[in-house]
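Read through the structure below, which is laid out as structure tokens, and then see the notes.
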Amino acid sequence: FVRRTAVLLPALLGALAAVSCSRPGYVLGFAGDLSGVAADLSVAARNGVTLSLEDVNRSGGVGGQKLRLLSLDDHGDPSLAIDADRSLLDQGAVAIIGHFTSAVSLLALPAVEFRQRVMISPFASSPLLADRPARLFFMLQSDAGTEASALASVALEQRVNAVTLIIDEGNRPYTEQFASGFEARFVPGGGRIERSIRILGGESGDREAADSCIRLKPGALLFCLDAEDTAFLCQRIRLAGLHPRLFSSNWVMTADLPRYGGAAVEGLVSMGDLDQGATNPRSLAFRMAYRRRFGMDPPLVAYFGYETVTALARALGRARGAGDLAAALRACGPYPGIQGDFFFDEQGRARRSLKSFVVYHGRFVQADSLLYAGRDAGSAEPRP
């Protein structure tokens, strides 16, 4: 009861403010884990959303009307996420920007669909979210199945012939879909899955997975875990004197992986849509604006947060109303992304050009740039 009240009180205050001001414009609702285990992701995404909203408003808004942002903390809890979404919609939100795991998004989505509104996530990417009759969910990243298939192709190109999977059961709508997508490409290509280790992320699950890996002595590992759990496992495995090839879903592509993993995660390969180190003009301008406003470099999820509002603003300008927003989002692409155009397919999945990345000297670096420099992009070379 205390947590639920803590979440809903800001909503009630926001509703009172809306009544007293009666300001015209479009309301965007943001719901994410702003104080729990995924707070770094949610806060960074909200920062990107805020910068984009301000840019749109400086340019005249949408049809002369300003965008306004209302945000609520879902604590990463599905029941609180549902409450947050309903509160934001009651306050006039034309779309919900959230949530930040596929598991929470999947459980919260029916309540938003019931109201015939759009949910658009800068981070969640399970194919199960797109495979729904209402077609009201949109994802800014490539879906997990597409990403996993591309990663399997990279592993096969590097002549990896056997992989052990480590899967977090706590976010199954994402991790199971990723593992299935990898296997569907890897096995027909001549590879085999040696074993699947299923855990609940956290200290006890990590120790169990590490002990299993040390006993098995695998030649290659594929992590379907978050950054902190992946970093812990890599540390334990390296300390045991093992040096398997490392692959991962892009769930790990945050600053936490090199921060907690250090030299143990060097050489880990993942797939991603955007490059944090890109030097094209829009990327440089975004990083500079983010640093000025928030005092740090933007995590990748902030880029997706920015592009979420880019897409919503254009679609709102062409939609006949909030109920027409989903159709407008599909029709109004391609959208000008920070690192290239993107569009949404009929299932609401972002279509972009995926790239392979390697952890090199504590950063995610595009594999092509390392190969050009004469490095082995999949090696486990320790950081000097």
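A cation-pi arrangement is not found for Arg351 relative to Phe343, the charged atom failing to lie both closer than 6.0 Å to the ring centre and inside a 45° cone about the ring normal.
Side-chain N/O atoms of Thr175 and Asp168 include no donor and acceptor closer than 3.5 Å. Ser121 and His99 are not linked by any side-chain donor-acceptor pair at a separation below 3.5 angstrom, with hydrogens and angles left out of the test.
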For a ring pair (Phe, Tyr, Trp, His ring centres under 6.0 Å) check, start with the C-alpha distance between Phe100 and Phe30, then their side-chain angles and the critical distance, and finish with the verdict.
CA-CA 11 Å; Phe100 288 85; Phe30 181 97; 5.6 Å; yes
Applying side chain to side chain contact (heavy atoms under 4.5 Å, CB included) to Thr230 and Leu268, what does each step give before you reach the verdict?
CA-CA 10 Å; Thr230 300; Leu268 180 143; 4.1 Å; yes
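Side-chain atoms of Gln339 come within 3.5 Å of backbone N or O of Asp275 as a donor-acceptor pair. Judged by distance alone, the side chain of Asn280 and the main-chain N or O of Ile338 form a donor-acceptor pair under 3.5 Å. The main-chain N or O of Gly261 is never found under 3.5 Å from a side-chain atom of Glu266 such that the two would form a donor-acceptor pair. Of the possible donor and acceptor atoms, one in the side chain of Ser212 sits under 3.5 Å from a partner among the backbone N and O of Glu208. Judged purely by atom type and a 3.5 angstrom limit, Asp73 uses its side chain to pair as donor or acceptor with the backbone of Leu34. The main-chain N or O of Ala150 is never found under 3.5 Å from a side-chain atom of Arg185 such that the two would form a donor-acceptor pair. Within the 3.5 Å criterion, the main-chain N or O of Pro334 finds a donor-acceptor partner in the side chain of Arg314. The main-chain N or O of Phe357 is never found under 3.5 Å from a side-chain atom of Ser270 such that the two would form a donor-acceptor pair.
Atoms CG and CZ, on Leu109 and Arg117 in that order, are 14.0 Å from each other to the nearest 0.5 Å. Distance CE/Met271 to CZ/Phe178: 9.0 Å, rounded to 0.5 Å.
Residue Leu88 comes nearest to Ser71 through the heavy atom pair CD2-N, 4.4 Å, listed as atom of the first residue, atom of the second, then distance. Of all the heavy atoms in Ala162 and Ala220, the pair that sits closest is O-CB, 3.4 Å. Among all heavy-atom pairs drawn from Asp74 and Leu80, the shortest one is O-CB, 3.6 Å. Leu225 and Val252 make their closest contact through O-CG1, 3.6 Å (heavy atoms, listed as atom of the first residue, atom of the second, distance). Nearest heavy atoms, Arg86 versus Ala111: NE-CB, 4.0 Å. When all heavy atoms of Asp341 and Pro336 are compared, the closest pair comes out as OD1-CA, 3.5 Å.
Ring orientation note: the planes of Tyr290 and Phe294 are tilted relative to one another, at an angle of 30° to 60°.
Considering only heavy atoms from C-beta on, Leu140 comes within 4.5 Å of Arg352 through its side chain. The shortest side-chain heavy-atom distance between Thr164 and Leu221 falls under the 4.5 Å cut-off.
A salt bridge links Glu176 to Arg198: one of the charged nitrogens lies within less than 4.0 Å of a carboxylate oxygen. In summary, Arg318 and Asp324 do not engage in a salt bridge, as defined by a charged side-chain N under 4.0 Å from a carboxylate O.
Atom CZ of Arg159 sits in a sparse spot, with 12 or fewer heavy atoms from other residues, nucleotides or ligands closer than 6.0 Å.
Residues Leu72 and Val104 fall into different hydrophobic clusters, defined by Ile, Leu, Val, Met, Phe, Trp and Tyr side chains chained together at heavy-atom separations under 4.5 Å.
Aromatic pair Tyr335/Phe304: ring centres not closer than 6.0 Å.
Residue pairs meeting the salt bridge (charged side-chain N to carboxylate O under 4.0 Å, His left out) criterion with at least one member in residues 101-115, sequence neighbours excluded: Asp90-Arg115, Glu113-Arg132.
Not a single side chain to side chain donor-acceptor pair (under 3.5 Å) links Asp33 to another residue, sequence neighbours left out.
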